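This structure is a prediction, so every number in the text was calculated from the model and none was measured.
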Amino acid sequence: MKIYIRSSACVSAQNTLAAGNFLDDIVEYTGTRLPVIQPDYKKYIDPKLIRRMSRVIKMGVAAAKECLDQAGIDMPGAIITGTAFGCMEDTVTFLTRIIEYQEELLPPTAFIQSTHNTVAAQIALMLKCHNYNSTFVHKGMSFESALFDAVMLLKEEETDNVLVGGTEEMVDTSFIVLTRLGLYKRSPISNLQLFDEESKGTIGGEGAAFGLLSVNASANNMAELVAVKTLYKPKDVTVSIADFLNANGLAIADIDLVLTGKNGDIKNDDVYKSLKDTLFKDTTTANYKHLCGEYPTSSSFALWLAANMIKRQSIPDVLLQGEQKVQSPKTILYYNHYQGKYHSLMLLSAI
């Protein structure tokens with residue numbers, strides 16, 4: 001059974017939400033974090049509801065509804081999301097109020113909306129969707145876990161389409177903590193020059209991206225999702241990638257483009273540099289985290305990106321690393337790791 005990506009929509013630090021807009025107007029930032037570009041939420045959400053929603057909920061709902069609109073579907077067969085940190089803004093608000101109110105008479109709204117499944121639940125409420133609804137909180141594999149669940153539902157013929165997405169928000173509190181832990185750079189840098197200097201840390205990011213997976217063949221489908229795989233602290237990444245391709249009847253020579261999770265951190269990028277010099281030396285490679293920043297579910301942005309590249313049969317110059325050997329990618333391999341522990345592979349091909 002083949003799994004297709006019927007449509008995809010993304011809220012990110014670039015102008016990506018509007019249908020038909022595919023990295024046409026690259027936005028440059030100078031700093032150590034990339035905030036999302038807030039769309040006109042009134043197009044997707046009742047204005048009376050907007051004021052009660054935190055940023056990540058609005059981002060997720062907008063991306064989900066745009067994805068469904070592009071697919072021409074009103075009611076998905078299932079809604080599945082992945083997130084590592086959940087609704088961070090509401091979580092911080094609730095914990096702060098515990099101290100301010102001395103644990104007495106706490107307003108419940110922030111607590112209710114701080115749970116990780118709030119985005120998926122809010123989408124279901126707005127659509128009046130009573131179908132399967134689940135959220136995966138698996139650190140750097142959260143979105144991939146959601147994808148696995150979606151694929152299993154489809155292969156078990158529980159439904160013929162699934163809305164699946166990854167959401168993450170960055171707030172001042174979490175950014176400060178993660179910077180102290182060494183995840184982000186200490187001095188401002190242009191995101192478009194992220195890969196030009198070798199130093200510790202990367203740039204923080206956030207976003208929400210959704211795709212509608214379907215088993216129904218159509219000329220309007222964007223791409224085929226051939227396979228997904230996750231690895232935890234693999235002993236040899238090169239062998240793992242080769243085995244993954246072999247299991248799907250492919251060799252590295254069959255891959256038109258490799259999309260990597262390179263993020264500008266000198267330690268993080270060691271594995272990508274090693275692969276570029278060995279396994280990927282004759283393959284066109286591209287990077288994406290200088291456009292959206294680093295966050296645990298950035299692979300959802302990568303899936304949106306890869307599906308669009310296959311659908312449009314073009315590779316934006318801003319993504320390329322080195323010489324472009326293929327103009328029209330038919331097969332794309334995505335490889336990413338988060339903090340050296342959580343590795344993931346996705347394989348997409350033209351329909």
Side-chain angles (χ1 to χ4, degrees), residues 5-24 27 34-46 49-50 53-89 113 116-127 129 133-136 142-144 146-147 150 161-170 205-214 222-223 225 288-289 291-293 295-308 311:
I5 301 173
R6 177 68 180 84
S7 62
S8 186
C10 177
V11 175
S12 71
Q14 304 297 322
N15 293 298
T16 52
L17 186 62
N21 192 347
F22 181 54
L23 302 182
D24 299 322
V27 181
L34 305 184
V36 298
I37 295 175
Q38 304 282 341
D40 181 8
Y41 290 120
K42 293 191 294 294
K43 291 174 57 179
Y44 306 98
I45 308 169
D46 186 329
L49 299 176
I50 291 177
M53 293 182 176
S54 65
R55 274 189 326 123
V56 72
I57 298 174
K58 290 185 288 187
M59 286 157 43
V61 170
K65 294 197 76 173
E66 177 63 32
C67 181
L68 292 173
D69 288 346
Q70 289 180 21
I73 289 178
D74 297 323
M75 188 65 64
I79 300 171
I80 308 175
T81 61
T83 179
F85 298 125
C87 301
M88 185 63 72
E89 183 179 331
Q113 295 188 342
H116 289 68
N117 65 337
T118 301
V119 174
Q122 190 66 60
I123 295 168
L125 284 169
M126 294 185 68
L127 296 175
C129 177
N133 192 297
S134 188
T135 295
F136 287 84
S142 298
F143 176 68
E144 289 81 356
L147 270 184
N161 68 76
V162 177
L163 181 66
V164 58
T167 63
E168 218 70 73
E169 72 175 331
M170 176 73 70
E206 59 182 0
F210 278 79
L212 187 78
L213 301 189
S214 173
M222 300 180 73
L225 179 62
Y288 69 95
K289 288 184 179 175
L291 301 180
C292 66
Y295 55 100
T297 56
S298 70
S299 49
S300 60
F301 179 92
L303 186 68
W304 169 85
L305 189 59
N308 271 282
K311 178 69 174 178

Could you tell me if the side chain of [Y] sits less than 4.5 Å from the side chain of [X], heavy atoms only?
{"X": "Ile123", "Y": "Cys129", "value": "no"}
{"X": "Trp304", "Y": "Ile5", "value": "no"}
{"X": "His116", "Y": "Phe136", "value": "no"}
{"X": "Leu23", "Y": "Leu305", "value": "yes"}
{"X": "Lys43", "Y": "Lys65", "value": "no"}
{"X": "Val56", "Y": "Phe85", "value": "no"}
{"X": "Leu213", "Y": "Asn161", "value": "no"}

Could you check whether any side-chain N or O of [X] sits under 3.5 Å from a backbone N or O of [Y], counting only pairs where one atom can act as donor and the other as acceptor?
{"X": "Asn15", "Y": "Ile37", "value": "no"}
{"X": "Glu168", "Y": "Ala84", "value": "yes"}
{"X": "Gln14", "Y": "Cys292", "value": "no"}

Looking only at heavy atoms, what is the nearest atom pair of [X] and [Y], with distance?
{"X": "Ser300", "Y": "Ala209", "result": "O-CB, 3.5 Å"}
{"X": "Gly60", "Y": "Thr167", "result": "CA-CG2, 4.2 Å"}
{"X": "Thr83", "Y": "Thr297", "result": "CA-CG2, 3.9 Å"}
{"X": "Glu169", "Y": "Cys87", "result": "OE2-C, 3.4 Å"}
{"X": "Thr16", "Y": "Cys10", "result": "OG1-O, 2.9 Å"}
{"X": "Ala63", "Y": "Leu17", "result": "CA-CD1, 4.1 Å"}

Starting at [atom1] of [X], measure out to [atom2] of [Y] and round the result to the nearest 0.5 Å.
{"X": "Phe22", "Y": "Lys311", "atom1": "CZ", "atom2": "NZ", "value": "13.0 Å"}
{"X": "Leu49", "Y": "Leu125", "atom1": "CG", "atom2": "CG", "value": "10.0 Å"}
{"X": "Phe143", "Y": "Tyr295", "atom1": "CZ", "atom2": "OH", "value": "9.5 Å"}
{"X": "Gln38", "Y": "Met59", "atom1": "CD", "atom2": "CE", "value": "7.0 Å"}
{"X": "Met222", "Y": "Ser214", "atom1": "CE", "atom2": "OG", "value": "13.5 Å"}

### Message
Pair Leu225, Leu147 - check side-chain contact (heavy atoms from CB on, under 4.5 Å), show working.
### Response
CA-CA 10 Å; Leu225 179 62; Leu147 270 184; 4.1 Å; yes
### Query
In this structure, which one of Asn117, Thr118, Thr81 forms a side chain to side chain donor-acceptor pair (under 3.5 Å) with Thr135?
Thr81
### Message
My understanding is that only one of Ser12, Ser299, Ser298 makes a side chain to side chain donor-acceptor pair (under 3.5 Å) with Tyr288; could you say which?
### Response
Ser298
### Query
Would the number of heavy atoms belonging to other residues, nucleotides or ligands and lying under 6.0 Å from CG of Asp74 be above 12?
no
### Query
Under the criterion side-chain contact (heavy atoms from CB on, under 4.5 Å), which of Glu206, Glu89, Met88 is the partner of Met170?
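By the side-chain contact (heavy atoms from CB on, under 4.5 Å) criterion, Met170 pairs with just one of Glu206, Glu89, Met88: Glu206.
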